[in-house]
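Heads up: the structure comes next, in C-alpha cells.
Since the structure is predicted, the reported quantities are computational estimates derived from the model, not experimental observations. Reminder, nothing fancy here: chain letters follow the sequence lines and each chain counts from 1.
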Amino acid sequence: MSPSNTPVDSEDKTEEDSTPRDFIRDIVHEDMSAGRYPSVITRFPPEPNGYLHIGHAKSICLNFGIAEDFGGRCHLRFDDTNPTKEEQEYIDAIQEDVRWLGFDWGEHLYYTSDYFEQLYDWAEHLINEGMAYVDDLTADEIREHRGTLTEPGTNSPYRDRAIEENLDLFRQMRAGKFDNGAKVLRAKIDMASGNINLRDPVIYRIMHAEHPRTGAAWCIYPNYDFAHGQSDAIENITHSICTLEFEDHRPLYDWLIEHLTVPSEPHQYEFARLNLTYTVLSKRRLMELVSEGHVAGWDDPRMPTISGYRRRGYPAAAIRDFAGRIGVSKANATVEVQSLEACVRENLNENAERRMAVLNPLKVVIENYPEDQTEELDAFNNPNDESAGSRKVPFSKEFYIERDDFMEDPPKKFFRLAPGREVRLRYAYFITCTEAIKDDNGEVIELRCTYDPATKGGNAPDGRKVKATLHWVSANHAIDAQIREYEHLFTTEIPGAEGEFLDDINSDSLTVLANCKLEPALQDASESETVQFERLGYFCLDKDATAEKMIFNKTIGLRDTWAKTQAKTQAKGQQNK
RNA sequence: UGGGGCGUAGCCAAGUGGCCUAAGGCACCGGCUUUUGAUGCCGGCAUUCGGAGGUUCGAAUCCUCCCGCCCCAGCCA
C-alpha cells in the first residue's frame with residue numbers, strides 16, 4: 001500500500017508501525033487481534049462538489065494511513081449521489097490531489113453511482129418488506145410532520161400504503177412519471193424516535209438532472225444515508241470512518257445494514273473534523289471565496305485547499321506530517337495554523353536548496369573593486385546537508401542588498417549595515433559602508449562601500465569578527481522577478497465568530513513585489529521545488545510565470561526573531577507614550 | 001425541555017485505578033553554537049486533569065450530581 005514515490009519520512013518506521021496511536025487505530029488493532037476480518041479495508045469518500053482541503057487531508061491520511069499500518073487497503077470512492085452539485089472537474093482534481101499527497105488507491109477507484117442499480121433493488125426490497133413507503137407530502141409538509149427536537153413527529157397519511165401500491169409508485173418514480181419533489185421514498189422506522197434521523201428518513205428523491213457519470217439514466221437518486229453504508233458493504237469496507245456530525249446517523253446506517261441483504265457488515269466510526277485558526281474550512285465558504293472572486297481560484301496560494309498549498313510550495317510530506325502530529329480524537333478542536341507552518345518550515349529547512357534573492361533592492365557599489373571583474377564564488381546548496389552540493393554565484397562591483405539590511409541611524413540592537421560599519425556578504429567579502437547616497441527626498445538610493453580582498457569567501461585572516469551576514473545579488477547578473485507574498489486570508493482566529501466571515505477577510509493577504517532580483521541559478525527553478533531564499537524564507541515558481549517573466553510565491557518566511565524583538569520594542573515605546 | 005457527543009497547559013494530544021509528584025508536538029521564555037538574527041543543541045513551561053461530592057490503602061482514570069461546549073428538525077453530504 002505504501003506509495004513508492006513517497007519522499008522523506010520513511011526512516012524510523014520499524015516497530016512503531018503496528019502499534020495503535022489513536023482511538024480508531026485502537027479499535028482496528030483490537031478487531032484485527034480478535035481475527036474479526038481477514039484484512040482492513042477503509043475508504044476515502046469525497047463528494048465531488050468542490051476541491052479537497054486540509055481537513056480532507058486529515059481524513060485521507062487517517063484512512064490511507066490505517067490501511068498502510070495494518071497491511072490492508074484504502075479505496076477512493078466518489079460519493080456522487082447528488083447530480084445537481086457534482087462535476088467532473090472536481091472528480092479529476094480530487095484524484096490529482098490525493099495522488100499528490102502521496103497515496104495510491106491502486107485498482108480501487110469507485111463511484112457510488114456504480115451501485116445505483118443495486119441500491120434501487122435494495123429500496124424495492126425494503127418496500128416489499130413493508131419497511132419503506134412512497135410519500136406524497138411536500139417537503140414543507142414532511143418537515144411539519146417531523147416534529148421538533150423535543151416533540152415527536154406524526155405519521156404521514158401515506159405511511160400505510162399497501163406494498164403493491166408503494167412498489168408501483170416507486171417504479172413510476174424511476175420511470176420519470178413525476179416532477180421533482182412530487183414524491184419521495186421513505187424508510188418506515190419510528191416517527192417518535194428521539195433521533196430525528198430515524199423519523200422515517202427520506203432515502204430516495206426525484207431529481208431530473210444530468211449526472212456526470214450516469215447521464216440521464218436516472219431521475220431518482222438515493223441520498224447519503226441510503227447510499228453510504230450499502231456502498232461500504234459492497235466494497236467490503238471494514239471500518240467506515242467519518243466525522244462527528246454523522247454520529248447521529250449511525251443508528252440508521254446500522255438499521256439499513258441489518259435489514260438489507262448486504263455482502264458484508266461494515267461499521268462506522270467518527271472522529272472530530274479539523275479546524276484551523278485564521279482559516280475557513282467548509283466547502284460552502286471556500287466555494288463562496290472562489291465564486292465571488294475573493295481569491296483567484298481553488299488553487300489560490302492563500303486557500304487551505306490541497307491545490308492551494310501545492311501551488312504555494314508546501315511539501316506533501318509536511319501536510320502528512322501535520323496530519324500525524326495533530327492526532328485523531330473526538331474533541332472539537334481548532335488547531336493553530338502555526339502548527340501547520342512549523343511542519344512546513346521543518347520539512348523545507350531539511351530539504352530546500354538555498355539561493356539568494358533580494359526582494360527590496362538597494363544598490364551597492366564597491367569603490368575599490370575592479371571595474372569589469374566578475375568572480376564565481378562557491379555557495380552551498382544546503383549548509384545543513386553536504387550532499388546537496390554547491391553552486392557558483394557571480395560577484396561583481398555592483399550588487400543589490402535588502403533595503404532592510406541598511407540603516408543610516410541604527411538603533412542599538414541592529415547589527416546589519418550602517419555608515420562606517422563592516423558586515424559580511426554571504427560567501428563573498430567583508431564590506432564597509434563609506435557613504436549613503438540620497439535622492440532629493442532624502443531617500444537612500446545607493447550605498448558606496450569598500451571591500452577587504454583578504455576576506456574572500458567570508459572569513460578574515462586576522463580573525464576579526466563581524467556581527468552580520470547579508471545576502472546579495474550581483475547587479476549585472478540578476479534576474480528580474482515578481483514575488484508574491486501572502487499573509488493569512490483572515491484577520492481573526494475564527495473567521496465569522498462574530499458576524500459574517502467575509503468581513504474578516506484580510507485585505508492585505510497578498511503583496512506583490514515587482515522589482516525583485518534573483519541570482520542566476522534561479523533560472524531553472526520549478527513549480528514543484530520550493531527553495532529557500534537565504535535569510536528570507538521559502539519560495540517556489542508560480543504557474544503564472546512565463547519565459548519572459550519569473551513569478552515566485554512566498555511559501556513561508558523564516559522564523560524572524562529580529563522582527564519579533566523590533567515589534568516588542570515598538571510596542572513598549574507605544575506604551576510609554 | 002428530546003437524541004447524540006465532548007471537556008487533560010495558550011493550541012493540539014497521550015493516558016483506560018498504583019511505575020502519573022501527567023508523554024509528545026506547536027507556541028512561549030532563557031542559554032550555547034552559528035558565514036542564514038535561520039537551523040541545531042541544552043534548559044524552563046499543568047503538585048494538576050471542567051466543578052463538587054463519594055468509593056478505595058491509592059483516582060485524570062470507578063460512582064453520583066452539577067457546569068460548560070459541539071452536533072441533529074435538507075427531498076445536502
N or O in side chain of [X] less than 4.0 angstrom from [N] OP1/OP2:
{"X": "A/T565", "N": "B/G37", "answer": "no"}
{"X": "A/R205", "N": "B/A77", "answer": "yes"}
{"X": "A/R143", "N": "B/G74", "answer": "yes"}
{"X": "A/S193", "N": "B/G2", "answer": "no"}
{"X": "A/K564", "N": "B/C28", "answer": "yes"}
{"X": "A/R559", "N": "B/A27", "answer": "yes"}
{"X": "A/K568", "N": "B/C29", "answer": "yes"}
{"X": "A/S329", "N": "B/A13", "answer": "yes"}
{"X": "A/R535", "N": "B/G37", "answer": "yes"}
{"X": "A/R146", "N": "B/G74", "answer": "yes"}

* **Counter-base of B/G58, judged by Watson-Crick or G-U geometry with both distances under 3.5 Å** =>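 Matched B/G58 with nothing under the 3.5 Å cut-off.
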* Counterpart base for B/U34, defined by Watson-Crick or G-U wobble contacts under 3.5 Å ->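 Result: none.
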* To do: For the pair A/Y221 and A/F116, name the ring-plane relationship: parallel under 30°, tilted 30 to 60°, perpendicular over 60°.
  => perpendicular
* To do: Measure up the A/F533 and A/F539 rings against each other and bin them: parallel (under 30°), tilted (30 to 60°), perpendicular (over 60°).
  => parallel
* Using the P atom on both, measure B/A52 against B/U61 and round to a whole Å. =>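 Looking at atom P only, B/A52 and B/U61 are 12 Å apart.
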* Asked: Quick one: does A/D26's side chain get under 4.5 Å of A/R21's, heavy atoms only?
  ->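 Not touching, per the 4.5 Å side-chain cut-off.
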* Asked: Does A/I127 reach the side chain of A/R161, with side-chain heavy atoms less than 4.5 Å apart?
  -> no
Options [options], nucleotide nearest the side-chain atoms of [X]:
{"X": "A/I142", "options": "B/C72, B/C75, B/A77", "result": "B/C75"}
{"X": "A/R416", "options": "B/G37, B/A13, B/U36", "result": "B/G37"}
{"X": "A/L558", "options": "B/A38, B/G15, B/C72", "result": "B/A38"}
{"X": "A/L149", "options": "B/G2, B/U36, B/A13", "result": "B/G2"}
{"X": "A/K330", "options": "B/G2, B/C6, B/G74", "result": "B/C6"}
{"X": "A/E336", "options": "B/G37, B/C72, B/G10", "result": "B/G10"}
{"X": "A/P383", "options": "B/C75, B/U36, B/C72", "result": "B/U36"}
{"X": "A/N384", "options": "B/C76, B/U36, B/G2", "result": "B/U36"}
{"X": "A/T334", "options": "B/G37, B/C26, B/C12", "result": "B/C12"}

* For A/F380, does the CZ atom have more than 12 heavy-atom neighbours from other residues, nucleotides or ligands under 6.0 Å away? -> no
* Would you check if the side chain of A/D232 reaches a backbone N or O of A/S240 as a donor-acceptor pair within less than 3.5 Å? => no
* To do: Establish, from distance only, whether the side-chain atoms of A/T84 and A/N82 form a donor-acceptor pair under 3.5 Å.
  =>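 There is such a pair (donor and acceptor under 3.5 Å, judged by atom type) between the side chains of A/T84 and A/N82.
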* Verify the distance criterion only: is there a donor paired with an acceptor across the side chains of A/E341 and A/H488 at less than 3.5 Å? =>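 Yes, a side-chain donor-acceptor pair sits under 3.5 Å.
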* Structure fact -> Within residues 221-232 of chain A, the residues having a heavy atom closer than 4.0 Å to RNA chain B are A/N223, A/Y224
* Check every strand shown and say whether A/T277 touches a base, only sugar-phosphate, or nothing at a heavy-atom separation below 4.0 Å. => nothing
